[in-house]
Amino acid sequence: IIEKAGKAWGVEHPSSLPSSGCTKVKVSTLVNDGYISSGMPIDPRNNSNMNGAVKITLSGNKYNYVYEGSQTGCSSTY
């Protein structure tokens with residue numbers, strides 16, 4: 001669900017996608033902007049909020065979307 005929401009965000013914000021390196025979209029941004037409608041996702045392993053981000057990278061001519069627990073580590077974060 002989180003990675004699909006990140007991909008939907010990327011489709012609507014193509015100018016924010018990286019041409020090199022990476023971009024992160026916070027889960028809170030995806031919730032606040034309506035890409036995740038059920039509120040903050042809960043990690044079933046420990047029942048805590050998933051407060052990380054979707055890391056978007058460009059590999060060849062394809063974007064990859066992966067959830068990470070960290071909101072930092074890329075040149076752009078939304």
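Note that these values count all heavy atoms, side chains included, but never hydrogens, waters or copies made by symmetry.
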Fill in the blank from the handout: CD of E3 to CG of N64, rounded to nearest 0.5 Å, is 10.0 Å

Completion exercise
Sorted by chain and number, sequence neighbours left out, side-chain contact (heavy atoms from CB on, under 4.5 Å) with K26 holds for S28, T29, Q71, T77

Practice task
Please confirm whether the backbone N or O of S48 pairs with a side-chain atom of N46, one donor and one acceptor, at under 3.5 Å?
Solution key: yes

Practice task
Examine distances only and state if a side-chain atom of D43 and a backbone atom of R45 form a donor-acceptor pair shorter than 3.5 Å.
Solution key: yes

Practice task
Before giving the answer on side-chain contact (heavy atoms from CB on, under 4.5 Å), spell out for Y78 and H13 the whole-Å C-alpha distance, their side-chain angles and the decisive distance to 0.1 Å.
Solution key: CA-CA 11 Å; Y78 297 93; H13 298 88; over 6 Å; no

Problem - Joint cluster assignment, V66 & V27, ILVMFWY side-chain distance < 4.5 Å - result: no

Exercise for the section: Mark yes or no for whether Y65, through its side chain, and V54, through its backbone, hold a donor-acceptor pair below 3.5 Å. Expected result: no

Problem - Closest non-hydrogen atom pair between G6 and L30, with its separation - result: N-CD1, 4.0 Å

Practice task
Treating Ile, Leu, Val, Met, Phe, Trp and Tyr as nodes and any side-chain heavy-atom pair under 4.5 angstrom as an edge, say whether M50 and M40 lie in one connected cluster.
Solution key: yes

Exercise for the section: Verify the neighbour count for atom CD1 of I1: are there more than 12 heavy atoms of other residues, nucleotides or ligands below 6.0 Å? Expected result: no

In residues 17-25, what donor-acceptor pairs under 3.5 Å come from side-chain atoms, sequence neighbours left out?
from: T23; atom 1: OG1; to: S16; atom 2: O; distance (Å): 3.4
from: K24; atom 1: NZ; to: E68; atom 2: OE1; distance (Å): 2.8
from: K24; atom 1: NZ; to: S70; atom 2: O; distance (Å): 3.1
from: K24; atom 1: NZ; to: T72; atom 2: O; distance (Å): 2.7

